[in-house]
Colleague: 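Here's a structure for you.
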Amino acid sequence: MIRRVRYALMFGGLANFLALYYVQPLLPGIAARFGVSPAESTAALSLTTITMALALLFVGPISDMTGRVAIMRASLLGSAVLGIAGAFAPTWHALLVLRGLEGITLAGLPAVALAYLREETPPQAHVRANATFVMGTAVGGAAARLLPGPVHALWGWQGATLAVGGVMLVCAAGLWVLLPPSRGFTRSTPSLRGLARNTALTLRDPALVALCLVGAATMGAFVGLWNALTFRLEAAPYLLGGAGVLVFLAYPFGVPAPIAAGRLALRRGRGATVLLGVALLLTGTLLTAAPQLPAIAAGVAVLTFAFLGTHSLVSGWVSDRAQRVGVGVGQAAGLYLLAYYAGSSVFGALAAQRWESGGWSSVITVSAALAAGAGLLAVLARRFDAR
C-alpha cells in the first residue's frame, strides 16, 4: 500500500512540475514567436505560478470537505487538457489565459498530496514518502528542461507542447490507477471563521512563518537563475542558440537529492541538513559566475541538488510542525506552497529583468541574497522548533 502511494504521487509530482516548467527552456523561442521581450516572456511561467499559489489557499479547505484522491485525479487530467490546448493558442494573450487556468488546475495536486501523505502513511515512513514525492517533482523538472528543447527544434512550439501534454496524460493515468482510496481521511466542513482562525494560528507560529519564507527564498533563487540562464547562453560570448538547452543536462543531478537529504536528516537532524542545503545553494549560485561552460554546468548541478533536497525537507517540516502544534496540515501546506510559488513568480520575473538591465552579475546578486536570507530564516526556524 505504501509503495503504491509513493509511486502514484511520484507520477503526480512528475506531471505537476513538467506542466509548470516546460516553458522555461523555451522562453527565448516564446519571446520570438509572440514578439515579446525576455522579461515579458517569463509571464508564461510566472502567471501560472501566481494563479497556482492563489488557488492553493482554497484547495486545502475544499479537500477537507470532499476528500483528497478525487481532487488529485481531476488536477492532473484538467492540467493535461489545458496544456494541450496551449499548443493551439493563436495569440500571446490567449496563451497567458490558458497558462493562468492551468495554474489553477495544477494547484489541486501539491497541497493535497502533502496532506494525503501525512494521513495515509505511518510516521516512520513520512520522510521517505515525502522524499519520493519530491523526487517525482525533480524528475518532472528535469523532463521539463530536457524534453521541450529538442522537440521544439524539430517540430516547433506546437510539437513541444503536444509532447508535454501527452506525457501528462500518461502520468494522470498512472496516478488514477495506482493511488489507493483514502483511509485516514476524516471529512470536515470548515467555516470561514475556522479557516481564518487556522490561518491566524499558522501566521502566529514563528517556526511555520520562517519555514514558509525559506521556501519562498530558495525557490526564488533557483527559478530566477534558471530563467535568466537560457538568455545568457543565447547571448555573446556563447551564442549557443538551441544548443543552450544542453546545460539543462545538469538538472538530473538533482533527482536523487530528496532521498539523500532525507537519509542525512535522519542521522544529523533536519535543521542541520537544511542549513547544509542552503549553503550548497549559495555555492552553486556563485559557481555560475565563472565564464567557462563546464563551471556553469557544475554550478547549476549543485544549485539544483541543493534546492530539491532543501525543499523536500522544508515541505515535510511544515506538515510535521503543523500537526504537532494543532494547525490544520492541509492549510499549513497550502500557505507554504503559496509562499513557495509566490517566490517563484516574483523573483523569477525579477531575475529576467536584472539580466536585461545588469547582466549575469546582477542575476547572481539576487539569487545569492535570497540564498543567504534563506539561511538566516532556517536558523530561526531551527531555534523555534528544535525537534
Side-chain angles (χ1 to χ4, degrees), residues 12-24 26-27 30-31 34 36 39-63 66 70-115 137 140-141 144 148 161 164-165 168 171-172 195 199 212 215-216 219-220 222-224 226-227 311 315 330-353:
L14 190 160
N16 198 262
F17 262 46
L18 175 62
L20 189 60
Y21 289 111
Y22 81 92
V23 297
Q24 195 171 54
L26 302 180
L27 289 178
I30 290 173
F34 293 102
V36 295
E40 288 173 323
S41 72
T42 63
L45 175 58
S46 61
L47 182 62
T48 310
T49 55
I50 288 171
T51 56
M52 184 177 181
L54 294 174
L56 285 167
L57 292 174
F58 305 97
V59 172
I62 291 172
S63 74
T66 62
I71 287 180
M72 287 187 280
R73 287 173 171 172
S75 170
L76 286 197
L77 184 59
S79 299
V81 171
L82 286 169
I84 291 171
F88 305 98
T91 65
W92 172 238
H93 291 101
L95 176 64
L96 291 182
V97 169
L98 289 169
R99 289 289 291 170
L101 292 173
E102 193 170 3
I104 295 173
T105 58
L106 285 171
L109 183 83
V112 176
L114 294 175
T137 69
T161 306
V164 169
M168 284 197 65
C171 290
L195 293 176
T199 301
C212 289
M219 182 62 151
F222 174 72
V223 170
W226 275 104
N227 278 357
H311 168 53
S315 60
Q331 195 163 3
L335 288 171
Y336 167 76
L337 291 169
L338 171 63
Y340 177 82
Y341 287 113
S344 172
S345 300
V346 173
F347 297 115
L350 175 63
Q353 292 173 349

Colleague: Ala107 and Leu56: which non-hydrogen atoms are nearest, and at how many Å?
Modeller: O-CD2, 3.5 Å
Colleague: To the nearest 0.5 angstrom, please state how far the CG atom of Leu109 sits from the CG atom of Asn16.
Modeller: 5.0 Å
Colleague: How long is the gap from CG on Leu350 to OG on Ser46, to the nearest 0.5 Å?
Modeller: 11.5 Å
Colleague: Hey, does Thr48 have a side-chain heavy atom less than 4.5 Å from the side chain of Tyr341?
Modeller: no
Colleague: Hey, what do you get for CD1 (Ile50) to CD1 (Ile104), rounding to the nearest 0.5 Å?
Modeller: 12.0 Å
Colleague: Enter the distance from Ser344:OG to Phe222:CZ here, rounded to the nearest 0.5 Å.
Modeller: 9.5 Å
Colleague: Main chain of Leu76, side chain of Ser79: is a donor-acceptor contact present, judged purely on distance under 3.5 Å?
Modeller: no
Colleague: Quick check: closest heavy atoms across Ala113 and Met72, and the distance to 0.1 Å?
Modeller: CA-SD, 3.8 Å
Colleague: Between His311 and Tyr340, what is the ring plane arrangement, given parallel below 30°, perpendicular above 60°, and tilted in between?
Modeller: parallel
Colleague: Measure the CG-OG distance between Leu337 and Ser315 for me, rounded to the nearest 0.5 Å.
Modeller: 7.5 Å
Colleague: Got a second to check how far Asn227's CG is from Leu27's CG, nearest 0.5 Å?
Modeller: 6.0 Å
Colleague: Could you walk me through whether Gln24 and Val223 pass side chain to side chain contact (heavy atoms under 4.5 Å, CB included), step by step?
Modeller: CA-CA 9 Å; Gln24 195 171 54; Val223 170; 3.9 Å; yes
Colleague: Identify the two heavy atoms, one from Ala39 and one from Ala352, that lie closest to each other, and give their separation to 0.1 Å.
Modeller: CA-CB, 4.2 Å
Colleague: List the atom of Ala89, the atom of Leu98, and the distance in Å for their closest heavy-atom pair.
Modeller: CB-CD1, 4.2 Å
Colleague: Test your reading of the model: is there a side-chain donor-acceptor pair from Thr51 to the backbone of Gly100, 3.5 Å cut-off?
Modeller: yes
Colleague: With a 4.5 Å heavy-atom cut-off, do Val23 and Arg99 have their side chains touching?
Modeller: yes
Colleague: Specify the closest pair of heavy atoms between Cys212 and Ala339, including all atoms of both residues, with the distance to one decimal.
Modeller: O-CB, 3.4 Å
Colleague: Would a 4.5 Å heavy-atom cut-off, applied to side chains only, mark Tyr21 and Leu45 as touching?
Modeller: yes
Colleague: Just wondering, do Met168 and Ile84 contact through their side chains at under 4.5 Å, heavy atoms?
Modeller: no
Colleague: Quick one: does Val97's side chain get under 4.5 Å of Leu101's, heavy atoms only?
Modeller: yes
Colleague: Grab the two heavy atoms, one from Val36 and one from Ile30, that are nearest each other, plus how far apart they are.
Modeller: CG2-O, 4.3 Å
